[in-house]
Protein chains: 2
Amino acid sequence: MSAFKPSKRQSAILNMVARDGFVATEAMVAEFGVTPQTIRRDLNELGQEGLLTRFHGGAGQAKSGENLPYADRLRSGVQAKQKIAEMTASLIPDGSSLFLNTGTTTEAIAQALLRHKNLHVVTNNINVARYLSQNDTFQIMLAGGQVRNHDGGVTGAGAADFIDSFRMDIGILGVSGIDEDGSLLEFDPAEIRSAQSVLRNSRKVILVADQHKFGRRAMNRMGDLLDVDIVVTDAPLPISFEKTCGKAGVEIRVAGSAKR
Amino acid sequence: MSAFKPSKRQSAILNMVARDGFVATEAMVAEFGVTPQTIRRDLNELGQEGLLTRFHGGAGQAKSGENLPYADRLRSGVQAKQKIAEMTASLIPDGSSLFLNTGTTTEAIAQALLRHKNLHVVTNNINVARYLSQNDTFQIMLAGGQVRNHDGGVTGAGAADFIDSFRMDIGILGVSGIDEDGSLLEFDPAEIRSAQSVLRNSRKVILVADQHKFGRRAMNRMGDLLDVDIVVTDAPLPISFEKTCGKAGVEIRVAGSAKR
DNA sequence: TAGGTAATGTTCGAATTAGAAAATTTATGA
DNA sequence: TCATAAATTTTCTAATTCGAACATTACCTA
């Protein structure tokens with residue numbers, strides 16, 4: 001029972017490849033929860049279409065050629081996160097206290113925040129902590145616990161308790177997926193408790209999610225759109241989600257829609 | 001034979017990786033006219049320095065947010081730390097549980113440990129955690145608390161308590177200085193309690209210190225040479241320290257004296 | 001010249017990945 | 001409900017890559 005349709009998964013693969021330059025087969029197996037054989041089939045198909053290049057052990061970006069229009073449409077990963085990160089950063093005043101959880105989007109936000117001053121940040125992600133530590137005016141609190149090797153997230157009961165000991169102005173949450181009924185979903189159950197602590201202890205909650213997250217399924221429910229104040233994304237939402245947000249009283253901000 | 005010196009070839013490899021995102025081992029073999037094994041040696045070295053990421057079948061760009069290795073390399077005493085790191089790593093069996101505290105030397109050790117397997121590591125340093133997380137067979141526990149911006153150390157009462165909840169085979173300690181009477185010294189008082197927890201909870205304690213640490217003064221006393229089992233350093237110790245170690249029953253290992 | 005060292009090549013067993021084919025599950029429409 | 005097609009897993013074998021140990025080469029220097 002995979003949470004991805006084949007076409008969805010294939011475009012997600014293209015996004016990963018576009019973002020990282022090279023993705024190992026095993027990494028995709030872990031990401032999508034399918035068999036290596038299935039990933040190889042995908043890679044062979046995408047490779048035949050010239051959308052990526054196969055390597056022993058994974059796949060990398062396609063050699064520059066034609067086809068790029070289509071590929072570009074499917075791979076908006078990095079730019080999308082960048083736009084989301086910049087808009088989110090613009091919502092944060094200097095001197096705020098805030099929380100950042102795990103995810104590539106929140107890592108992008110950490111980078112975008114480096115120009116701010118005197119932020120107090122609580123996080124459970126060692127990459128976020130490391131980025132932010134470059135700014136001497138920041139005070140960074142990192143939750144302790146077991147480190148998830150592939151993404152640098154810190155998990156465990158202690159991490160959630162640690163977060164519970166703070167009360168923050170703003171909580172910034174990344175998620176694995178959002179269901180149509182407004183459920184916020186995560187792949188990793190270990191992340192749930194930390195995220196819930198953030199929801200509880202933030203005066204204002206900002207949810208960051210690129211367009212592919214909407215409708216994407218994941219096993220664990222961490223919360224509900226009702227708990228969120230602002231959603232920052234990179235493209236107009238499907239109507240069903242707009243309705244859900246409207247009911248929940250959630251403000252939607254589409255990054256890069258005005259300019260670019 | 002080969003038209004490239006090793007250093008030339010390695011920087012050429014970095015260029016290829018930077019340009020293409022991912023380069024297959026075979027492609028480099030063809031490019032440089034050397035054996036796959038030679039390429040692998042290069043890739044392992046560059047990978048350990050964090051300048052690229054190894055994959056099965058080739059190498060790709062370094063994971064997000066690298067540059068510290070460069071800064072590290074420019075710092076003085078890198079070679080000494082490297083030698084100490086390699087010798088220390090050789091003292092650690094696969095599958096051990098160990099502790100690593102804060103300091104540039106312990107960060108070098110973290111890199112040197114990447115080829116080990118199934119280590120259980122407890123640390124209060126986010127850089128150590130990040131390096132080690134590249135190895136999927138490691139289980140990493142990171143203490144929580146406030147992050148010291150300039151070196152990535154995690155401090156606070158919670159950090160020491162966190163360490164106290166473990167019992168480890170080996171504790172690896174870096175220090176700011178060592179007094180002639182055998183006192184282990186630290187500049188930052190916030191580091192003291194964590195280090196003492198390590199001394200308490202390690203079955204064997206390895207102290208790592210380059211030659212300049214001996215005789216250097218610092219304000220805070222964290223422990224005594226009596227608590228240490230092995231000292232790893234990079235040059236023969238002054239006689240006064242040899243005597244102190246002898247009395248304390250401490251084994252001294254000088255890295256790089258026998259081989260290399 | 002003899003010894004030492006750094007770099008590379010060779011060899012080989014172990015580990016990883018690929019691919020083909022069959023079995024199973026899932027989705028869909030009559 | 002059943003039949004059918006699509007998607008995925010399973011299973012097995014072949015191909016590739018890896019790492020360690022040892023041999024070789026080139027070069028330096030005492």
- Query: Looking only at side-chain N and O atoms, does B:Thr38 come under 4.0 Å of OP1 or OP2 in C:dA7?
  - Reply: no
- Item | B:Phe32 CZ to C:dA7 P, straight-line distance once rounded to whole Å | 16 Å
- Rounded to the nearest angstrom, tell me the gap between atom CE in A:Met28 and atom P in C:dT17. 11 Å
- Check whether the ring centres of B:Phe55 and A:Phe22 lie less than 6.0 Å apart, and answer yes or no. yes
- Item | Backbone N/O of A:Asp151 and side chain of A:Asn127: donor-acceptor pair under 3.5 Å | yes
- Query: So, A:Ser183 and A:Arg221: side-chain donor and acceptor under 3.5 Å apart, yes or no?
  - Reply: yes
- Does a donor on one side chain sit under 3.5 Å from an acceptor on the other, for A:Asn220 and A:Glu186? no
- Message: Parallel, tilted or perpendicular, judged at 30° and 60°: which one describes the rings of A:Phe214 and A:Phe241?
- Response: perpendicular
- Note on the structure: Rounded to whole Å, the NZ-P distance (B:Lys117 to C:dA14) equals 13 Å
- Residue pair B:Thr102 / B:Gly153: nearest heavy atoms and the distance that separates them: OG1-CA, 3.7 Å
- Expected string for nucleotides 18-28 of chain D under the B/S/- scheme (protein heavy atoms, under 4.0 Å, primed atoms plus P, OP1, OP2 as sugar-phosphate) is BBB--------
